[in-house]
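Before any comments, here is the structure.
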Amino acid sequence: MVVMLKLWNKYRVSNIPSLIFIDASSGKVVCRNGLLVIRDDPEGLEFPWGPKPFSEVVAGPLLRNNGQTLDSSALEGSHVGVYFSAHWCPPCRSLTRVLVESYRKIKEAGQKFEILFVSADRSEDSFKQYFSEMPWVAVPYADEARRSRLNRLYGIQGIPTLIVLDAKGEVITRQGRVEVLNDVECREFPWHPKPVLELTDSNAVQLNEGPCLVLFVDSEDDGESEAAKQLIQPIAEKIIAKYKAKEEEAPLLFFVAGEDDMTDSLRDYTNLPEAAPLLTILDMSARAKYVMDVEEITPEIVEAFVSDFLADKLKPEPI
């Protein structure tokens, strides 16, 4: 059971069934959406199904909602938001309304930015109705193979998902949805990931993506929250850099939680003590928590706590 949960966390599995292909010699992920691979390439003609550049996967004609077409080469040199969405999905429609305004603001600021809609609609009529609300470009609905290849490329497990790419087609963030909702004025575009996040209603969904270190400060004082971020940021940066060098995702996300209703709900759900400051690691998929309740949180305490967790030296408590 323990080994199974470790695998779920390592590969950030959020839905089942899920099939992930791995290079046995290096341990690196080759493809996250193996189920789509099996469906799209049952003869194994594209084996070993390794990732391809965005420019290659997206190659072909794109649509505008007025019926005009353009070649995918028009995206070259721009930041691109690859938007996986569907009209039947209420959170998608809500995000689209916000994203339309974000897109307008970014373009008006003179930034080279385009959004590519990859539909998960259930019919072409639904696609056309939904796409009519969007000022950007889309993969033609009829090109199911290309839509599927883009889903495979980014291991999409749910919608809405917004992947933000740099001008070279490399991923900046997979959390575009959270960034758009947290930064409605788009001041931080193109939303390079922060090592430490302030826990909010919009990014709390990330708590379900794997183990998360959460430092509860229980204060409405922005200064105290910022001090807490600065305390754990060097440790977060070191962990992220270590795993990035191995071309792996960091095994922990890092948050600071202030005092609000969402934080109170999280404490209640995970049955945490009311102490503050309170250092925790929450693993929602394993329904496990690790708690460090001390009077003062220091960088040394945080680093030792993280090291012990990664070395499997901590005893979990049930959530």
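Predicted, not measured: the structure shown is a model, and the values here were computed from it.
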_Between W191 and V98, is there shared hydrophobic-cluster membership here, with clusters defined by ILVMFWY side-chain heavy atoms closer than 4.5 Å?_
yes
*In sequence, state the C-alpha distance, the side-chain angles, and the governing distance for I115 and L99, and then conclude on side chain to side chain contact (heavy atoms under 4.5 Å, CB included).*
CA-CA 10 Å; I115 293 177; L99 191 54; 3.7 Å; yes
*Taking C-beta and beyond as the side chain, do Y141 and R147 meet within less than 4.5 Å on heavy atoms?*
yes
_Any donor-acceptor N or O pair under 3.5 Å, side chains E209, Q157_ = no
*Does NZ or CZ of R93 lie under 6.0 Å from the centre of the six-membered ring of Y130, at an angle within 45° of the ring axis?*
no
*Can you check whether Y290 reaches D308 side chain to side chain, under 4.5 Å on heavy atoms?*
no
_Minimal non-hydrogen separation, C89 against P160, with atom names_ = SG-CD, 4.1 Å
*When the ring centroid of F127 is compared with that of F117, is the distance short of 6.0 Å?*
yes
*To the nearest 0.5 Å, how far apart are CD in Q68 and CG in N66?*
4.0 Å
_From CA spacing to verdict: side chain to side chain contact (heavy atoms under 4.5 Å, CB included), I159, S85_ = CA-CA 6 Å; I159 56 172; S85 186; 5.5 Å; no
*Under 3.5 Å: donor-acceptor pair, side chain of T263, backbone of G258*: yes
*Could you tell me which non-hydrogen atom of V57 sits nearest to which non-hydrogen atom of K52, and how far apart they are?*
CG2-CB, 3.8 Å
_For a quick test of reading the model, state the closest non-hydrogen atom pair linking G176 to V164 and the distance between them._
CA-CG2, 4.2 Å
*Hey, are the side chains of H192 and T173 touching, using non-hydrogen atoms and a 4.5 Å cut-off?*
no
*Main-chain N/O of T200 paired with N203 side-chain donor or acceptor, under 3.5 Å*: yes
*asked:* Assigning hydrophobic clusters by single linkage (Ile, Leu, Val, Met, Phe, Trp, Tyr; side-chain heavy-atom cutoff under 4.5 Å), is L314 placed with I297?
replied: yes
*State, without any angle test, whether T96 and Y83 hold a side-chain donor-acceptor pair at a distance under 3.5 Å.*
yes
*Enter the distance from N271:CG to I319:CD1 here, rounded to the nearest 0.5 Å.*
10.0 Å
*Is there a donor-acceptor contact under 3.5 Å linking the side chains of S285 and D283?*
yes
*Determine whether the side chains of D121 and W88 contain a donor N or O and an acceptor N or O closer than 3.5 Å.*
no
_N-O pairing of R104 and E101 below 4.0 Å_ = yes
_Step-by-step side chain to side chain contact (heavy atoms under 4.5 Å, CB included) determination, T298 to E303_ = CA-CA 9 Å; T298 66; E303 188 154 19; over 6 Å; no
*asked:* Let me confirm one number: the NZ-CD distance from K105 to E185, rounded to the nearest 0.5 Å.
replied: 4.0 Å
*For atom CG of D268, is the number of surrounding heavy atoms from other residues, nucleotides or ligands below 6.0 Å larger than 12?*
yes
*Report yes if some heavy atom in the side chain of F54 is under 4.5 Å from a heavy atom in the side chain of V80; otherwise report no.*
yes
*Please say whether the positively charged group of K246, taken as NZ for Lys or CZ for Arg, lies over the ring of Y243, i.e. under 6.0 angstrom from the six-membered ring centre and within 45 degrees of the axis.*
yes
*Are a donor atom and an acceptor atom from the side chains of N151 and S148 found within less than 3.5 Å of each other?*
no
*State whether the side chain of K112 and the backbone N or O of E76 hold a donor-acceptor pair below 3.5 Å, judged by distance alone.*
no
*Rounded to the nearest 0.5 Å, how far apart are CG of N182 and CG of L197?*
8.0 Å
*Can you check whether F113's main-chain N or O pairs, donor with acceptor, with K107's side chain at less than 3.5 Å?*
yes
_Side chain to side chain, R267 and E274, heavy atoms closer than 4.5 Å_ = yes
_With side chain to side chain contact (heavy atoms under 4.5 Å, CB included) as the criterion, how do Q206 and V178 come out once you've worked through the C-alpha distance, each side chain's angles and the decisive distance to 0.1 Å?_
CA-CA 9 Å; Q206 292 177 257; V178 171; 3.9 Å; yes
*asked:* For F131 together with H87, are the ring centres under 6.0 Å from each other?
replied: no
*Minimum heavy-atom distance V196-A236, with the two atoms named*: CG2-CB, 4.0 Å
*Is T270 reaching over with its side chain to a backbone N or O of L266, donor-acceptor style, under 3.5 angstrom?*
yes
*At their closest point, which heavy atom of R177 faces which heavy atom of P91, and how far apart are they?*
NH2-CB, 3.9 Å
*Of all the heavy-atom pairs spanning P61 and R146, show the shortest one and how long it is.*
O-NH2, 2.6 Å
*Take atom CD in E317; do more than 12 heavy atoms of anything else shown fall under 6.0 Å from it?*
yes
*Are V256 and L279 connected in a single hydrophobic cluster, I mean Ile/Leu/Val/Met/Phe/Trp/Tyr linked by side-chain heavy atoms less than 4.5 Å apart?*
yes
*K194 bridged to E188 by N-O distance under 4.0 Å*: yes
*Please examine the side chains of E133 and V100, heavy atoms only from C-beta on, and report whether any two atoms are closer than 4.5 Å.*
no
*Are L62 and V118 joined in one hydrophobic group, where the rule is that I, L, V, M, F, W and Y side chains link up if heavy atoms are under 4.5 Å apart?*
yes
*asked:* Using side-chain heavy atoms (C-beta onward) and a distance below 4.5 Å, is K229 in contact with F254?
replied: no
_Nearest-0.5 Å distance, CD1 of residue I232 to CD1 of residue I301_ = 13.5 Å
*Do N65 and S132 have side-chain N/O donor and acceptor atoms under 3.5 Å apart?*
no
*Same cluster for V171 and I106 if Ile/Leu/Val/Met/Phe/Trp/Tyr side chains link at under 4.5 Å?*
no
*Think R174 forms a cation-pi with Y154, using NZ or CZ under 6.0 Å from the six-ring centre and within 45 degrees of its axis?*
no
*Among side-chain atoms of S73 and D71, is any donor-acceptor pair under 3.5 angstrom?*
yes
_CG on L213 to OG1 on T280, rounded to 0.5 Å_ = 6.5 Å
*Mind checking whether E114 and Y103 have side chains closer than 4.5 Å, heavy atoms only?*
yes
*Can you tell me if NZ on K128 sees more than 12 non-hydrogen neighbours from other groups inside 6.0 Å?*
no
